[in-house]
S.K.: 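Below is the structure I would like to discuss, written out as structure tokens.
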Amino acid sequence: MSLASSWRTRKFRLGFVGEICPQCHAKLFPPRDICPHCGGPAKEPLAFSGHGTVYSYTTMSVAPRGFEGQTPYVAALVKTEEGPLVTAQLTDVASDEVFIGMPVEMVTRHINEEGDDGIINYHFKFRPELAAAAKH
Amino acid sequence: MREVAVIGLGQTPVGEHWESSLRILGSEATYLALEDAGTGLPDALLVGNMLSGLSCGQENLGALIADYAGIRGVPAAKIEAGCASGAAALHQGYIMVAGGMAETVVVCGVEKMTETSQPDTTVALAAAADAENEVAHGLSFVGLNALLMQRYLYEYGYQRADFANFAVTAHRNAVNNPAAMFRRAITPEAFMKAKLIAEPVGLLDSAGIADGAAALVLAPLDLARSLGKPLVRIAASAAATDALAIHDRADILELRAARISSLNAYAQAGIQPEDIDFFELHDAFTIMSALSLEANGFAERGQGVRLAMEEAISLSGRIPIATMGGLKARGHPVGATGTYQALEAVTQLRGEAGANQIPGCVLGMTQNIGGSGANIITHIFERVS
Amino acid sequence: MSVMRPLRSVGLVGYGAYIPRYRLPASEISRIWGGDEEGTVAFKSVPGLDEDTVTIAIEAARNAVARARIDPVLLRAVWIGSESHPYAVKPSSTVVAEALGVGNACLAADLQFACKAGTEALQAGIALVGSGMAGYAMAIGADTAQGRPGDALEYTAAAGGAAYIVGPAEAGCATLEGSYSYVSDTPDFWRRPGQNYPRHGGRFTGEPGYFAHVLSSVRSLMEGLGRSASDYRYAVFHQPNPRFPERAARQLGFKSEQYSPGLLANEIGNAYAGSSLLGMSAVLDIAQPGDRILLVSFGSGAGSDAFSWLVTDTLPKRQSLAPTTRAYIERKTIIDYATYLRLRGQLVMH
């Protein structure tokens, strides 16, 4: 993540803020300013709840540059309760515990850093819903 | 619109070309294709390439390859559409010749992926996905395909092993292709034992990282007729797009861009899927093969993998795929893959495919996929008697 | 000196805890280093690969906002006390404020005072709200404490944090009766810039470090308020190990049922700036209206902040609005020493 990208994306990365289309009321995450459903402008911010379920997942055993020290890590598509699918890592969970449909919640975590002297990137991840995990 | 024919073919073997640079690979394929055509200086060069900036620190490939191929002076430019760059260049070349803007155009797909180490190549490849919303989370291309495959297994109840035949078939076909990267057969057991790179995607689900270049010379059909060679025309050239990020698609298990581009291609050629004699599909991952067979009308939704399980994809099957090894075993030098597919299709239709020849084939289809399904370009080639 | 009281009454309107899920048993450290685990903690919490003071602070702060039920835009300060801020220069607090959705009209700063940095932030929040400068202020104590492999500190140096929103007393779950801070220049423990691990002086740790400061702040506070140990339902101390707070509590006249509910060290170790604040959140999770709570921190270098709180009728309605401290303690994955080294970035070979 470049420095500029890290700054520009802070509201949705850290605050999990998406958008809602004022015309067709579609909820959008990540924000994109033009509604993909009706084609109209959609810049109205909408804070997403951060709750959802695992839609699909994988365990990354070979990592791209910047993530090498983290393998194996779990990446997933999460179906948010507002509707949109979101790509993110899962955390605080072993890969063999994950299943499609698992309730998860958003947390903010350190995702990587730009070398030893560069900026630290924080990003949303999802972890098993704490309340559901406690019932287990 | 004029009818367009392919009058020249040139390729380098696919592999790890440590001794050859990007420019040498590209210029060699271009030179060979022009030599095969025998029509002299082309009116334009289009270079299909995805990674040169990231892998070699080199852009402006049009001028560079033209210079090194000995055709300095011709208009030339690089065309980029992720892993579909080769087919995108071919599509543009087709438009130039069909539209009468050029008589002969040479289209060269070239890629040099072994210039960088594996983590850097993985990052570079991921540039075809959504950098801000997929790659920033540590997803690689393999990872994205794994997300598709995991969901596919879940929705339709298949096992990983059901996908083995895609890889087994590709490897079997590559044995007889002198230009292929992996010229050895593999067993379903080897497929299952292969290391998982991103569960459920294993090493043998995925096409290899490779270097290579393949080029074609395009000309109007009338000009082609005068050359006295086997005639192959481009019966259709159609492109379509979908959301770049998987999470933005209406249905992640439908390759919508493939469906749209193939429907347009079938309409252009005036044919149905069942008329296709063989299909060079984009088997970068076994899941892509299954989804592609479904999107293009060869299988119902959720049934694409059955074509592999039932051996319908072999050279003598109902719909042969990857006849020269496909991306899986010929190798997948990303920006060159689209032109390798086209070159192999024309080779089949010329009747020059050797031991892998599909007897009497008339219509061959190629499909090149950029990203995890975002930019999909379909071509149909036809032998003209 | 008299007890400190703000001009207008303030209270804790929200609180939240966070503890990482990994636990390293003391037996794993002694297995490797051959040390004696006797008298130390049974387990300490260890941050995951993707956790640091900022992420710990964010989750604790979100829990505090959930309990306070206020729009985060109303927060006029986000102060984080820690000795493990991820940056030497660049605030942790602005990252946390951004994640909470606090507006730009906000104070934000990182504080450092060894294990006392969190309660120092709390004192500042009390002053800001109590002076009328702000309606609400967030104070957080969070750490991913370092201990040199093989050092005695390695048994206890843990990770965790807690966040508190100070606001008007009438909206509080607990109102402040008064506080007292006591400091002196006592070099019992330090870490120089560029050093990965802190050092213990090996001289002043108990007397005149922990005990002198803790006993002084508490005695001054209770004397000033006219309270005795029996007035308190709960007493929460900084807990570098289970023994120090227990001994201090007994010397001050507290009984086990008063200090045990907030004594978490044996289960999670010493979360440094988060230590006493986590004990406090564990107590708030179970306290009832009318209960009086004593909160005492200690930070090397050295100092102690003591606070007297009175629980209001509001607290029971807020307790279940976010995960309890106990829920985080019980969400645990036991790890071995090798995993610990990996999670703490200690795997380097030459």
Side-chain angles (χ1 to χ4, degrees), chain A residues 1-2 4-6 8-9 12-13 18 26 28-32 36-37 52 54-80 83-91 95-96 98-101 109 111-112 121-126, chain B residues 54 116-127 129-155 157 194-203 205-206 209 241-253 285 287 372:
Chain A
M1 205 183 316
S2 73
S5 165
S6 164
R8 184 173 61 243
T9 58
F12 81 81
R13 266 191 312 106
L28 311 175
F29 196 95
R32 54 197 296 157
H37 303 287
V54 173
Y55 188 78
S56 191
Y57 65 96
T58 181
T59 304
M60 297 289 296
S61 304
V62 177
R65 179 75 74 209
F67 294 86
E68 299 99 322
Q70 303 181 21
T71 55
Y73 54 91
V74 185
L77 287 168
V78 171
K79 179 89 175 155
T80 59
L85 283 180
V86 172
T87 302
Q89 282 188 30
L90 300 186
T91 188
S95 53
D96 58 2
V98 182
F99 57 92
I100 289 176
R109 294 293 171 93
I111 193 156
N112 66 0
N121 294 314
Y122 295 95
H123 217 311
F124 55 78
K125 294 188 178 185
F126 289 83
Chain B
L54 289 168
T116 44
S117 62
Q118 179 264 321
D120 291 316
T121 306
T122 306
V123 165
L125 275 171
D130 185 327
E132 219 158 66
N133 301 308
E134 291 180 323
V135 183
H137 294 279
L139 262 300
S140 63
F141 241 84
V142 185
L144 291 168
N145 278 276
L147 294 176
L148 296 176
M149 188 169 178
Q150 186 84 273
R151 186 73 198 182
Y152 191 95
L153 298 178
Y154 171 82
E155 284 206 6
K195 180 186 164 189
L196 291 176
I197 323 171
E199 197 189 352
V201 173
L203 204 55
D205 282 280
S206 336
I209 280 172
T241 57
D242 197 352
L244 189 63
I246 290 174
H247 58 237
D248 285 330
R249 293 183 199 150
D251 176 354
I252 73 164
L253 295 185
F285 297 92
I287 180 64
S372 57

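Just so we're on the same page: letters track the sequence lines, and every chain starts at 1. As a basis for the values below, the full set of heavy atoms in this structure was taken, side chains included, without hydrogen atoms, waters or symmetry mates. Values in this document were obtained by computation on a predicted structure and should not be read as measured data.
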S.K.: Measure distances from B:S117 to the heavy atoms of chain A and classify the residue's part below 4.5 Å as side chain, backbone, both or neither.
M.R.: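 Only the side chain of B:S117 comes within 4.5 Å of chain A.
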S.K.: Enter the distance from B:L139:CG to A:F67:CZ here, rounded to the nearest 0.5 Å.
M.R.: 9.0 Å
S.K.: Short question: side chain of A:T58, backbone of B:E199 - any donor-acceptor pair under 3.5 Å?
M.R.: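 Looks like yes, one N/O pair under 3.5 Å.
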S.K.: Could you report the tightest heavy-atom contact between A:Y55 and B:R151, atom names first, then the distance?
M.R.: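 Taking A:Y55 first and B:R151 second, the nearest heavy atoms are O-NH1, 2.9 Å.
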S.K.: Looking at A:N112, A:V74, A:I100, which has the largest count of heavy-atom pairs under 4.5 Å with chain B?
M.R.: A:I100
S.K.: With distance as the sole test, does B:T122 use its side chain to make a donor-acceptor pair with the main-chain N or O of A:P64 at under 3.5 Å?
M.R.: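 Flag not set: sc B:T122 to bb A:P64 has no pair under 3.5 Å.
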S.K.: Minimum heavy-atom separation for B:A136 to A:M1, with atom names?
M.R.: CB-CE, 4.5 Å
S.K.: Return the option, out of A:R32, A:K125, A:Q70, with the maximum number of heavy-atom pairs under 4.5 Å with chain B.
M.R.: A:R32
S.K.: Hey, what do you get for CD (A:E68) to CD (B:Q118), rounding to the nearest 0.5 Å?
M.R.: 8.5 Å
S.K.: At a 4.5 Å cut-off on heavy atoms, which part of A:I111 comes close to chain B: side chain, backbone, both, or neither?
M.R.: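 The side chain, not the backbone.
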S.K.: Looking only at heavy atoms, which two atoms of A:H123 and B:E132 are closest? And how far apart?
M.R.: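 Closest approach of A:H123 to B:E132: NE2-O, 4.4 Å.
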S.K.: Does any backbone or side-chain atom of B:I252 lie under 4.5 Å from a heavy atom of chain A? Answer side chain, backbone, both or neither.
M.R.: side chain
S.K.: Quick one: what part of A:V86 sits under 4.5 Å from any heavy atom of chain B, side chain, backbone, both or neither?
M.R.: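 Interface part for A:V86: backbone (N, CA, C, O).
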S.K.: Which of the residues B:V142, B:L196, B:I246, B:D248 is involved in the greatest number of heavy-atom pairs with chain A at under 4.5 angstrom?
M.R.: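 Among B:V142, B:L196, B:I246, B:D248, the one with the most close pairs to chain A is B:D248.
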S.K.: Counting only heavy atoms closer than 4.5 Å, note whether A:P30 contacts chain B via side chain, backbone, both or neither.
M.R.: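 Side chain only.
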S.K.: Can you tell me which portion of A:A75 sits under 4.5 Å from chain B's heavy atoms? Options are side chain, backbone, both or neither.
M.R.: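 When you check distances to chain B, atoms from both the backbone and side chain of A:A75 fall under 4.5 Å.
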S.K.: Can you tell which part of B:V135 gets under 4.5 Å to a heavy atom of chain A, answering side chain, backbone, both or neither?
M.R.: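 For B:V135, backbone heavy atoms alone lie under 4.5 Å from chain A.
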S.K.: At a heavy-atom separation under 4.5 Å, does A:R13 approach chain B through its side chain, its backbone, both, or neither?
M.R.: neither
S.K.: Testing the basics here: between A:M60 and B:G138, what is the closest heavy-atom pair and its distance to 0.1 Å?
M.R.: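 Taking every non-hydrogen atom into account, CE-O, 3.5 Å.
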S.K.: Can you give me the closest heavy-atom contact between B:L147 and A:A76, atom names plus distance?
M.R.: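 Closest pair (atom of B:L147, atom of A:A76, distance): CD2-CA, 3.9 Å.
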S.K.: Between A:F124 and chain B, with a heavy-atom cut-off of 4.5 Å, which part of the residue counts as in contact: side chain, backbone, both or neither?
M.R.: both
S.K.: Please classify the contact of B:I197 with chain A as side chain, backbone, both or neither, using a heavy-atom distance under 4.5 Å.
M.R.: both
S.K.: Can you name the nearest heavy-atom pair linking B:H247 to A:L85, along with the distance?
M.R.: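 So the minimum-distance heavy-atom pair works out to CB-O, 3.4 Å.
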S.K.: Would you give the length of the straight line joining atom OG1 of A:T59 to atom CD of B:Q150, rounded to the nearest 0.5 angstrom?
M.R.: 8.0 Å
